[in-house]
Number of protein chains: 2
Amino acid sequence: MHVEPVLTANQQLVFKALGDAEAPLSAYTILERLQGKGIKAPLQVYRALEKLIDFGLVHRLESLNAFVVCDHHGDHTQHPVAFAICDSCGLVAEFVDSSVQEGLSRWTTGHAFRPKRVTVELRGLCETCDGASK
Amino acid sequence: MHVEPVLTANQQLVFKALGDAEAPLSAYTILERLQGKGIKAPLQVYRALEKLIDFGLVHRLESLNAFVVCDHHGDHTQHPVAFAICDSCGLVAEFVDSSVQEGLSRWTTGHAFRPKRVTVELRGLCETCDGASK
DNA sequence: AGTCGTGACGTTATTACATTACATAATTCA
DNA sequence: TGAATTATGTAATGTAATAACGTCACGACT
């Protein structure tokens with residue numbers, strides 16, 4: 001089973017800010033949006049993000065230096081997730097693909113590499129934006 | 001066929017700095033190492049890196065904000081590459097895995113997503129460092 | 001020769017992202 | 001209760017990246 005972690009005040013603020021946004025937010029954008037609600041300094045945001053990521057509630061997008069709420073259903077465990085990020089509208093699709101996972105785990109076991117963190121990010125254009133750019 | 005691009009002076013400096021290093025270098029580390037050899041400002045490094053990446057001679061590691069020379073043999077074309085990065089010794093292994101590629105391209109075609117740039121990075125411990133950490 | 005376009009270069013300043021350091025409150029639990 | 005841990009607040013600093021400007025070198029035309 002899985003126990004939902006209790007979020008502190010700052011963590012709730014940051015989590016909600018991310019949930020309300022429709023695109024990934026940078027730490028400093030989160031900061032801006034929470035000025036006046038109790039958040040005043042970058043570190044408050046970064047600390048909250050760190051915990052939220054630990055809890056599996058939030059993902060960091062490395063290629064964007066930005067953050068999104070995790071999208072997968074029940075369990076917030078450690079399976080690696082992939083992201084497709086639209087450079088035009090900011091839409092982020094989170095997905096899991098078994099053959100990607102197999103390929104990666106085949107390589108890691110074959111090379112005795114012990115992975116701790118996996119980043120798979122596709123940057124490009126979503127269907128809508130790609131269609132619109134014609 | 002493929003024509004080797006002619007590198008400008010700054011590009012050569014940056015490329016050599018990366019080649020001489022055994023681990024990924026950040027842009028500012030490159031800058032430090034090239035002070036006194038004609039490079040004085042961040043932008044000189046960033047511009048050279050941009051070109052080297054365009055040429056396919058260098059890769060950017062998103063999860064590290066750092067750069068390495070490309071490791072694959074002959075052709076420097078656009079196929080997506082994956083990296084395994086040891087967090088302990090900095091070793092970077094560059095590899096291509098067909099089932100990862102299939103998985104990603106299956107998803108993108110299925111969702112009409114047009115990828116422009118693909119990032120696949122595994123952070124963890126290489127065989128040596130993992131063994132040593134017991 | 002002159003001028004035009006292009007691409008690399010140089011410099012300064014600024015923006016964006018992230019962490020260190022240190023002091024203080026709150027919580028847990030032996 | 002009191003020691004240990006965990007969260008907090010604040011300021012300063014460190015690191016990564018780009019904006020905005022102008023200049024220089026060179027080849028292509030006319």
Side-chain angles (χ1 to χ4, degrees), chain A residues 3-18 21 23-55 57-68 85 87 90 92 117 119 121 123, chain B residues 3-18 21 23-68 85 87 90 117 119 121 123:
Chain A
V3 179
E4 289 303 324
V6 178
L7 300 185
T8 67
N10 286 356
Q11 288 161 14
Q12 285 178 35
L13 283 168
V14 170
F15 187 62
K16 180 157 190 320
L18 279 176
L25 298 182
S26 75
Y28 276 72
T29 303
I30 296 171
L31 175 58
E32 281 172 21
R33 299 197 180 180
L34 295 178
Q35 306 265 25
K37 303 193 174 172
I39 301 281
K40 294 178 189 167
L43 196 46
Q44 296 175 284
V45 176
Y46 281 106
R47 287 204 273 231
L49 286 170
E50 184 183 5
K51 289 297 178 184
L52 292 169
I53 290 169
D54 282 350
F55 296 151
L57 296 173
V58 164
H59 293 293
R60 175 187 169 85
L61 300 176
E62 297 288 350
S63 70
L64 230 48
N65 292 332
F67 304 84
V68 284
I85 303 163
D87 287 330
V92 175
R117 210 158 50 110
T119 302
E121 297 178 18
R123 299 281 299 273
Chain B
V3 180
E4 289 303 325
V6 178
L7 301 185
T8 67
N10 286 357
Q11 288 161 14
Q12 284 177 36
L13 283 169
V14 170
F15 187 62
K16 181 158 190 320
L18 280 175
L25 299 181
S26 75
Y28 279 75
T29 303
I30 295 170
L31 175 58
E32 281 173 22
R33 298 196 181 181
L34 295 179
Q35 307 266 24
K37 302 193 174 173
I39 301 282
K40 294 178 191 167
L43 206 43
Q44 296 175 281
V45 176
Y46 280 107
R47 289 204 271 232
L49 285 170
E50 185 183 5
K51 288 296 177 184
L52 292 170
I53 290 169
D54 282 351
F55 296 151
L57 296 173
V58 164
H59 293 293
R60 175 187 169 86
L61 300 176
E62 297 288 350
S63 70
L64 230 48
N65 292 331
F67 304 84
V68 284
I85 302 163
D87 286 331
R117 210 158 51 109
T119 302
E121 297 178 16
R123 301 280 299 272

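Letters go in sequence order (proteins before strands), and every chain restarts at 1. Quick caveat, the model's predicted, so the values are computed rather than measured. Values below: all heavy atoms of this structure, side chains included; hydrogens, waters and symmetry mates excluded.
Atom-to-atom, CG of A:Asn10 to P of D:dT10 comes out at 10 Å; the value is rounded to the nearest Å. In this structure, NZ of A:Lys40 is placed 9 Å from P of D:dA11, rounded to the nearest angstrom. D:dT10 atom C1' lies 9 Å from atom CZ of A:Arg47, rounded to whole Å. Between the P atom of D:dT8 and the CG atom of A:Leu13 lies a distance of 10 Å, rounded to the nearest Å. Distance CD (A:Gln44) to C1' (D:dT10): 8 Å, rounded to an integer number of Å. Counting to the nearest Å, the P atom of D:dA20 and the CG atom of B:Leu43 are 13 Å from each other.
Residues B:Asn65 and B:Ser26 have side chains not in contact (no heavy-atom distance under 4.5 Å, counting atoms from C-beta outward). Between B:Leu13 and B:Gln44 there is no side-chain heavy-atom pair separated by less than 4.5 Å. You'll find the side chain of B:Ile30 reaches within 4.5 Å of the side chain of B:Leu49, heavy atoms only.
Heavy-atom minimum distance, B:Pro24 versus B:Leu64: CG-CD2, 3.9 Å. Contact between A:Phe15 and A:Val58 at its shortest, heavy atoms only, is CD1-CG2, 4.0 Å. Annotation for A:Ile39 and A:Val45: closest pair CG2-CG2, 3.8 Å, computed over non-hydrogen atoms. When every heavy atom of B:Ser63 is checked against every heavy atom of A:Arg117, the shortest pair comes out as O-NH2, 4.5 Å.
Reading DNA chain C from its 5' end, the first and the last nucleotide to sit under 4.0 Å from a heavy atom of chain A are C:dC17 to C:dA21.
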Interface polar pairs with nucleotides 12-14 of chain D, N/O, under 3.5 angstrom:
none

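In this structure, the side chain of B:Gln12 engages the main chain of B:Leu7 through a donor-acceptor pair within 3.5 Å.
Atoms CG and CD, on A:Leu31 and A:Gln35 in that order, are 4.5 Å from each other to the nearest 0.5 Å.
Annotation: proximity of residues 58-65 of chain A to DNA chain C (heavy atom, distance under 4.0 Å) is found for A:Arg60, A:Asn65, numbered in ascending order.
Residue B:Phe67 is tested with B:Leu61, B:Leu25, B:Ile53 for a side chain to side chain contact (heavy atoms under 4.5 Å, CB included); the sole match is B:Ile53.
The shortest distance between the side-chain N/O atoms of B:Ser26 and the OP1/OP2 oxygens of D:dA16 is below 4.0 Å.
Between B:Ala41 and B:Ala9, the residue anchored closer to the 5' end of DNA chain C is B:Ala9, taking for each the nucleotide with the nearest heavy atom.
A:Glu62 has no carboxylate O lying under 4.0 Å from a charged side-chain N of B:Arg123, or vice versa, which leaves the two without a salt bridge.
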